[in-house]
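Presented below is the structure to which this report refers.
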Amino acid sequence: MSFLGFLLLGLIAGAIAKAILPGRQGGGWVITLILGVVGALLGGWIGGAIFGVGYDGFFSIQSWLIAIVGSIVVLLIYGLIVGRGKSRSRA
């Protein structure tokens, strides 16, 4: 997959992950899209390392699932980090 295709996949996966996750996540859409790209990268790395799967192409359902799951994981981790910082500052 080309760099631009991977970037577009990550951006869309980040938007889908934000729509899937319940509640409000910290950060705006720009942060979400950046985290989506990071999540797609993380999902591809974990998918290749653990399950031996990777990105087949932009229109492959496998690529989309890997990118979306990776984006969800990264958004959850980001939410935990940002959530802790807000609760500490209020104490």
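The analysis underlying the following values was restricted to heavy atoms, covering all of them including side chains, and did not include hydrogens, waters or symmetry mates. All values derive from a computational prediction rather than experimental measurement. Sequence positions, counted from 1, serve as the residue numbers for this chain.
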Side chains of residues 65-74: which donor-acceptor pairs under 3.5 Å do they make with residues two or more places apart or in other chains?
| residue | atom | partner | partner atom | Å |
| --- | --- | --- | --- | --- |
| Ser71 | OG | Gly36 | O | 3.1 |
| Ser71 | OG | Ala67 | O | 2.8 |

Transitive ILVMFWY side-chain link Ile34 to Leu76, under 4.5 Å: no
Any residue meeting side-chain contact (heavy atoms from CB on, under 4.5 Å) with Ile46, in chain and number order, not counting sequence neighbours: Leu42, Ile50
Hydrophobic cluster membership, Val38 vs Ile81, 4.5 Å side-chain cutoff: yes
Identified side chain to side chain contact (heavy atoms under 4.5 Å, CB included) counterpart of Leu35 within the set Leu33, Thr32, Ile31: Ile31
